[in-house]
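Here the structure is laid out as structure tokens; the discussion comes afterwards.
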Protein chains: 2
Amino acid sequence: MRIGKVAERAGVSVRALRYYEEQGLVIADRSPSGHRQYPESAVERVKFIQLLYAAGLTSKAILQILPFLDTLVATPQMTRRLTDERARIRVKIDALTRAHDRLEELIRLAAEYENSPATCSASADVAASHTSPPRH
Amino acid sequence: MRIGKVAERAGVSVRALRYYEEQGLVIADRSPSGHRQYPESAVERVKFIQLLYAAGLTSKAILQILPFLDTLVATPQMTRRLTDERARIRVKIDALTRAHDRLEELIRLAAEYENSPATCSASADVAASHTSPPRH
DNA sequence: CTAGATCCTCACGTCAACGTGAGGATCAAG
DNA sequence: CTTGATCCTCACGTTGACGTGAGGATCTAG
């Protein structure tokens with residue numbers, strides 16, 4: 001399969017695929033004329049790479065993890081890398097969840113205001129508190 | 001309060017605070033000599049900014065939201081901005097959750113391998129599938 | 001056989017949130 | 001009064017994952 005098709009089916013740009021190769025994430029054969037030739041499996045591989053990119057992993061971190069997908073040989077280091085990244089993702093999810101909840105709080109306040117713009121100044125302190133747990 | 005103390009108490013760098021001011025996120029008074037003077041409330045404000053940064057909002061997006069924190073006046077546009085950002089954060093949480101679950105899957109496989117390295121090649125296909133729902 | 005689509009390799013541009021000196025003024029304590 | 005800590009304003013550097021031409025070769029449908 002050629003690069004354009006892989007890009008289309010994996011939902012990434014052609015440039016991105018060249019970049020992935022540059023980073024060692026995807027290896028492509030070459031046709032006699034120099035065009036890249038990908039196996040079918042490349043599509044899934046690229047989707048996996050995208051999954052990890054979306055989770056904030058760097059190409060270097062992804063490069064560390066990919067060998068496991070190829071060989072399924074789990075050295076202790078590999079297991080550590082996997083659990084480390086999982087932990088990092090958890091931390092991010094927590095941070096995002098906090099931000100999400102905070103915004104939800106503000107959205108409730110906004111809705112409250114839209115219902116009665118005049119009388120809402122009484123709950124003005126709510127916006128400032130609740131950032132840290134209400135003990136001070 | 002001076003910039004060093006705010007930085008310390010909010011858990012950010014001095015440079016970051018100057019950058020926030022440059023972006024219009026935090027307004028600081030100046031002492032006669034030109035040193036920035038922050039009110040107590042700046043600490044909470046900066047923490048809030050950090051919360052949104054951690055959720056992937058740009059300084060521009062944060063700048064759109066901050067007026068609500070100051071005035072608690074919710075125009076329809078403000079409500080939309082808030083709900084839009086909340087939606088964006090949800091999408092990110094979902095992506096992170098997918099990556100998290102996928103890693104967990106791999107970690108299970110790795111643990112399985114560590115218990116019996118020889119007999120695990122039978123489940124080699126598990127690594128390739130399950131990326132998209134198993135219908136093909 | 002020819003044109004339009006697709007591919008190739010450089011290689012510089014981008015964007016955001018700061019980091020990192022350079023060079024100098026100001027502040028707080030002894 | 002002095003010295004070390006803290007502050008100021010430029011202003012260039014950094015990092016990562018690509019975007020975006022430039023200039024040219026190759027492929028494919030009619």
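Every chain is numbered from 1, with letters handed out A, B, ... down the list of sequences.
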For DNA chain D, the residues among [range] that have a non-hydrogen atom under 4.0 Å from it:
range: residues 57-66 of chain A; result: A:L57, A:T58, A:S59
range: residues 81-99 of chain B; result: none
range: residues 7-19 of chain B; result: B:R15, B:R18

Item to check | Salt bridge flag under 4.0 Å for residues B:E85 and A:R102 | outcome: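 Judged by the 4.0 Å cut-off on N to carboxylate O distance, B:E85 and A:R102 do not form a salt bridge.
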
Checklist entry - Does a salt bridge link B:R45 with B:D70, judged by any charged N lying under 4.0 Å from a carboxylate O? => result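 Counted as a salt bridge, because a side-chain N and a carboxylate O are separated by less than 4.0 Å.
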
Checklist entry - Can you name the residues that form a side-chain hydrogen bond (donor to acceptor under 3.5 Å, both in side chains) with A:E22, not counting sequence neighbours? => result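 None.
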
Checklist entry - Among all residues two or more places apart in sequence or in another chain, which pass the side-chain hydrogen bond (donor to acceptor under 3.5 Å, both in side chains) test with A:S31? => result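 For A:S31, the residues satisfying side-chain hydrogen bond (donor to acceptor under 3.5 Å, both in side chains) (neighbours in sequence not counted) are A:S33.
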
Item to check | salt bridge (Lys or Arg N to Asp or Glu O under 4.0 Å) contacts in which one or both residues fall within residues 25-34 of chain B, not counting sequence neighbours | outcome: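 Passing the test, one end in residues 25-34 of chain B: B:E21-B:R30.
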
Item to check | salt bridge (Lys or Arg N to Asp or Glu O under 4.0 Å) contacts in which one or both residues fall within residues 89-100 of chain A, not counting sequence neighbours | outcome: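 Non-adjacent pairs meeting salt bridge (Lys or Arg N to Asp or Glu O under 4.0 Å): A:R90-B:E104.
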
Name the pairs: protein N/O against N/O of nucleotides 27-30 of chain C, kept only if under 3.5 Å.
from	atom 1	to	atom 2	distance (Å)
C:dC27	OP1	B:S33	OG	2.8
C:dC27	O3'	B:R2	NH1	3.4

Item to check | Bounds of contact between DNA chain D and chain B, in 5' to 3' order, using a heavy-atom cut-off under 4.0 Å | outcome: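 It runs D:dT6 to D:dA11.
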
Item to check | Sequence-distant partners of A:A110, side-chain contact (heavy atoms from CB on, under 4.5 Å), two or more places apart | outcome: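 A:A110 satisfies side-chain contact (heavy atoms from CB on, under 4.5 Å) with B:F68, B:A74, B:T79, B:L82 once adjacent residues are dropped.
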
Next on the checklist: Tell me every residue that passes ring-ring contact (aromatic ring centres under 6.0 Å, His included) with A:Y20, counting only those two or more places apart in sequence or in another chain.
Outcome noted: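 Partners of A:Y20 under the ring-ring contact (aromatic ring centres under 6.0 Å, His included) test: A:Y53.
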
Checklist entry - Between B:Y53 and C:dA16, does any side-chain N or O lie under 4.0 Å from OP1 or OP2? => result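 Answer is no, no contact under 4.0 Å.
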
Checklist entry - In dot-bracket, 5' to 3', how would DNA chain D read with Watson-Crick or G-U wobble pairs under 3.5 Å, [ ] for crossing ones and | for pairs to another strand? => result ||||||||||||||||||||||||||||||

